[in-house]
Amino acid sequence: MRRTRVSQGQPVAAELLYVPMSSVAELTGMDAPSGAARARVVLRELARHDLEGQDRAVELGSARADDAKALDRLPGAPVLVVTTRFFAEGRTAAVSVATYRADTCRLTFGDSGGVEIHHGPERRAS
């Protein structure tokens, strides 16, 4: 599933969510709708799992063409890529790959290892 996150009317992230068929096994025999309606059904089914945890990786990168278009940037523009794996029942339940515009976000790392993403006006490096 793909979505674009918007803050104050400006696109700030392009996100891809990969959900293994085993995580939504109840949907395999069902004639589920397509598009946004199917995405809501998949997310609802995924929410039934008791998530046991997650791990997250943060990388600097360059925007690929499809992400650049969604983020209103040129291909190759600097981005932050945050990959999150969600675990349930001892296996990977879903993987999110979120590509953030580097000029509109700030990451904060907490003592517990958590990462918060803040969106705001453009900031310039000093």
Side-chain angles (χ1 to χ4, degrees):
M1 288 182 281
R2 177 181 278 282
R3 72 175 175 165
T4 301
R5 295 177 136 187
V6 177
S7 177
Q8 300 175 2
Q10 179 181 35
V12 294
E15 184 177 18
L16 284 172
L17 180 65
Y18 299 97
V19 181
M21 290 300 293
S22 59
S23 293
V24 290
E26 305 300 319
L27 297 179
T28 55
M30 180 178 142
D31 184 22
S34 62
R38 181 171 178 79
R40 284 190 293 277
V41 170
V42 169
L43 290 174
R44 196 170 26 251
E45 180 64 26
L46 185 61
R48 294 179 195 229
H49 293 282
D50 289 326
L51 294 180
E52 298 163 352
Q54 62 184 6
D55 65 20
R56 195 172 273 153
V58 180
E59 305 171 72
L60 298 175
S62 299
R64 298 176 321 189
D66 55 341
D67 290 331
K69 184 176 178 181
L71 297 174
D72 194 26
R73 298 280 108 189
L74 293 174
V79 293
L80 296 172
V81 180
V82 180
T83 304
T84 307
R85 288 188 312 158
F86 299 94
F87 302 100
E89 301 170 7
R91 58 188 162 80
T92 300
V95 176
S96 166
V97 179
T99 303
Y100 291 88
R101 286 177 50 162
D103 64 336
T104 62
C105 70
R106 177 180 45 130
L107 301 178
T108 303
F109 298 87
D111 290 338
S112 65
V115 178
E116 290 184 33
I117 302 167
H118 308 274
H119 303 286
E122 281 192 32
R123 299 172 56 121
R124 297 203 184 271
S126 52

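Predicted model, so just to flag it, every value in this text is computed and none were measured. Position 1 is the first residue of the sequence, and the numbers go up from there.
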How many angstroms lie between OG1 in T4 and CD in Q10, if you round to the nearest 0.5 Å?
->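 If I round to the nearest 0.5 Å, the distance is 12.5 Å.
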Would you mind reporting whether [Y] and [X] have side-chain heavy atoms less than 4.5 Å apart?
| X | Y | result |
| --- | --- | --- |
| R56 | T83 | no |
| V81 | V97 | yes |
| E52 | F86 | no |
| K69 | D66 | no |

Residues which pass side chain to side chain donor-acceptor pair (under 3.5 Å) with R85, listed by chain and number, not counting sequence neighbours =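 Side chain to side chain donor-acceptor pair (under 3.5 Å) list for R85, sorted by chain: D55.
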R73 and D103: CA distance, side-chain angles, deciding distance, salt bridge (Lys or Arg N to Asp or Glu O under 4.0 Å) verdict = CA-CA 10 Å; R73 298 280 108 189; D103 64 336; 3.4 Å; yes
Can you sort out the partners of R3 under salt bridge (Lys or Arg N to Asp or Glu O under 4.0 Å), two or more places apart, ordered by chain and number?
-> E15
Nearest atoms (heavy-atom pairs only) where [X] meets [Y]:
| X | Y | answer |
| --- | --- | --- |
| R2 | A14 | NH1-CB, 4.1 Å |
| V19 | A93 | CG1-O, 4.0 Å |
| R5 | Y100 | NH1-OH, 3.0 Å |

Can you tell which of V82, V12, V79 makes a side chain to side chain contact (heavy atoms under 4.5 Å, CB included) with T99?
->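 Filter result, single survivor: V79.
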Same cluster (ILVMFWY, side-chain, under 4.5 Å), L16 and L80 | no
Just do the side-chain contact (heavy atoms from CB on, under 4.5 Å) check on M1 and Y18 with the steps written out, would you?
-> CA-CA 7 Å; M1 288 182 281; Y18 299 97; over 6 Å; no
Does the pair D67/R64 count as a salt bridge with the N-to-O cut at 4.0 Å?
-> yes
